[in-house]
Amino acid sequence: MPELPEVEITRRGIEPYLAGKIITGVRVRERRLRWPIPPNLSARVTGRRILGVTRRGKYILIDCSSSDRAGWLILHLGMSGSLRIMAAGTAAQPHEHFDLLLGNRLLRLRDPRRFGAVLWHTGDIARHPLLAGLGAEPLEDGFSGGLLHRALRARTAPVKLVLMNASIVVGVGNIYANESLFRAGIDPRAPAGRLSRTRCNRLVAAIKSTLKQALAAGGSSLRDFVHSDGSSGYFQQQYYVYGRAGLPCRVCATPIRQLRQGQRSTFYCPSCQK
DNA sequence: AAAAGGCCCTGGTCGC
DNA sequence: TGCGACCAGGGCCTTT
């Protein structure tokens, strides 16, 4: 489950190999991802020069705009996706569904569970239906306690579920939602709209610090997360609560509890989180 | 509008 | 050792 830090690490890893390069073709081995890879993708992208690689939420955006028309390749890693740079002609392994050919190199998508996506968009990328409704970028200054407080107002759902709603803030998946709530000392079951401004400030700070720490560690929420160059830079992070049901809280030694919220596992310390 | 549940998919783990 | 059941999860979509 690549979360935002992993996606950003991936973006940084591939960008130097993509920016300025000409796309020489694509290779599709399995079209059935979250949505089918567009059948006409090759004709759309071949010959275009890549201007840069950006990110919005967990979507990786490859800018293929030409002077006369904007064009973007949209990639999403889903839960099990990873991208790697390889030499042209490298034999494909199972689950390696898509290649973006770049002359003597290629960008290869591996995604065993096929929850990822490869899409093409012409025109203003911000208007794309998948991106237009996205909420704040958690690491940007615009994501503040005040903004979160306003967004949570009138929400009766548990704060953890609302936190994972991408129309409010992007990139906070299950692991970092759990960890951030622990760091902020907030009970994941608390009704979102009841959080005080002070607690929202604390929660925003916790989200930012949790994500930044993961980013600094090289991005690492998944066992099989692979860096874009293939090195296994995976560095298992020390989680406070995620996956630690029954184990003693690292702060107060109270056993960590687990429950289900919206079909997802929640972990929290009943003593530290109120 | 918000909330709740379904669905897509495969690999890993567990009990028998 | 083999096999089925179950879980993990991002996020869009449909239903309430």
Side-chain angles (χ1 to χ4, degrees), chain A residues 1-11 29-37 55-61 74-83 92-98 109-119 121 127-138 148 150-181 188-195 207 211 214 219-226 234 236-237 239 241-246 258-267:
Chain A
M1 61 246 46
E3 297 209 28
L4 190 138
E6 289 78 6
V7 176
E8 176 59 20
I9 292 287
T10 297
R11 186 198 68 76
R29 293 177 207 83
E30 173 56 80
R31 200 171 288 287
R32 297 169 299 166
L33 302 184
R34 178 72 166 81
W35 298 280
I37 297 176
R55 176 187 61 74
R56 177 74 174 101
K58 294 180 187 171
Y59 293 91
I60 291 174
L61 308 173
I74 302 174
L75 306 182
H76 197 289
L77 301 180
M79 293 201 37
S80 58
S82 60
L83 291 168
Q93 303 297 310
H95 309 302
E96 295 183 340
H97 307 307
F98 174 80
L109 171 69
R110 172 185 140 90
D111 185 5
R113 291 179 214 180
R114 294 198 272 119
F115 279 13
V118 177
L119 298 170
H121 178 71
R127 308 269 292 262
H128 189 280
L130 292 172
L131 307 180
L134 294 181
E137 283 287 336
L148 186 65
R150 282 190 297 279
L152 298 191
R153 202 173 45 198
R155 296 276 187 161
T156 58
V159 60
K160 185 193 170 226
L161 292 182
V162 180
L163 215 48
M164 293 176 66
N165 181 341
S167 68
I168 291 174
V169 55
V170 299
V172 182
N174 197 36
I175 294 175
Y176 294 129
N178 279 298
E179 293 296 302
S180 299
L181 285 165
R189 298 164 299 179
R194 296 269 182 79
L195 287 196
I207 291 168
L211 292 177
S220 57
S221 65
L222 183 61
R223 272 189 295 276
D224 59 7
F225 178 72
V226 178
Y234 180 65
Q236 179 69 47
Q237 234 178 306
Y239 297 127
V241 290
Y242 183 80
R244 301 194 66 244
Q258 176 173 8
L259 51 85
R260 307 280 299 173
Q261 289 183 296
Q263 349 265 79
R264 240 125 266 165
S265 285
T266 294
F267 301 89

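Computed from a predicted model, the values in this text were never measured in an experiment.
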(Q) Test of understanding: with side chain to side chain donor-acceptor pair (under 3.5 Å), list the residues that count as partners of A:R155, not counting sequence neighbours. (A) none
Q. Considering the terminal five base pairs at each end of the helix from B:dA2-C:dT16 to B:dC16-C:dG2, what angle separates the two local helix axes, rounded to 10°?
A. 50°
Q.
When you measure from the side chain of A:H97 to the backbone of A:R31, do you find a donor-acceptor pair of N or O atoms at a distance under 3.5 Å?
A. no
**Q.** Which residues share a salt bridge (charged side-chain N to carboxylate O under 4.0 Å, His left out) with A:R32, sequence neighbours left out
**A.** A:E30
Q | Distance, rounded to the nearest Å, where A:L259 contributes CG and C:dC7 contributes P | A | 15 Å
Q) Who are the salt bridge (charged side-chain N to carboxylate O under 4.0 Å, His left out) partners of A:R56, not counting sequence neighbours? A) A:E137
Q: Kindly state which residues belonging to residues 159-171 of chain A come within less than 4.0 angstrom of DNA chain B, counting heavy atoms of the residue only, listed by number.
A: none
Do any N or O atoms of the protein come closer than 3.5 Å to N or O atoms of nucleotides 6-10 of chain B, and which pairs are they?
from	atom 1	to	atom 2	distance (Å)
B:dC9	O4'	A:R113	O	3.4
B:dC9	O3'	A:R114	NH2	3.2
B:dT10	OP1	A:R114	NH2	2.8

**Q.** Which residues share a side chain to side chain donor-acceptor pair (under 3.5 Å) with A:E96, sequence neighbours left out
**A.** A:R108
Q. Partners of A:K160 by side chain to side chain donor-acceptor pair (under 3.5 Å), sequence neighbours excluded?
A. A:N174, A:T266
Q) What residues, two or more places apart in sequence or in another chain, satisfy side chain to side chain donor-acceptor pair (under 3.5 Å) together with A:R29? A) A:D99
Q: Please report, rounded to the nearest Å, how far the P atom of C:dG11 is from the NE2 atom of A:H128.
A: 14 Å
Q) With sequence neighbours left out, what residues match A:Y59 under ring-ring contact (aromatic ring centres under 6.0 Å, His included)? A) A:H76
Q) If you check every side-chain atom of A:S265, which of B:dA3, C:dC12, C:dG9 has the closest atom? A) C:dG9
Q | Those residues that, when tested against A:H121, pass ring-ring contact (aromatic ring centres under 6.0 Å, His included) (two or more places apart) | A | A:H128
**Q.** Results of salt bridge (charged side-chain N to carboxylate O under 4.0 Å, His left out) for A:R11 - residues two or more places apart only
**A.** A:E8, A:E15
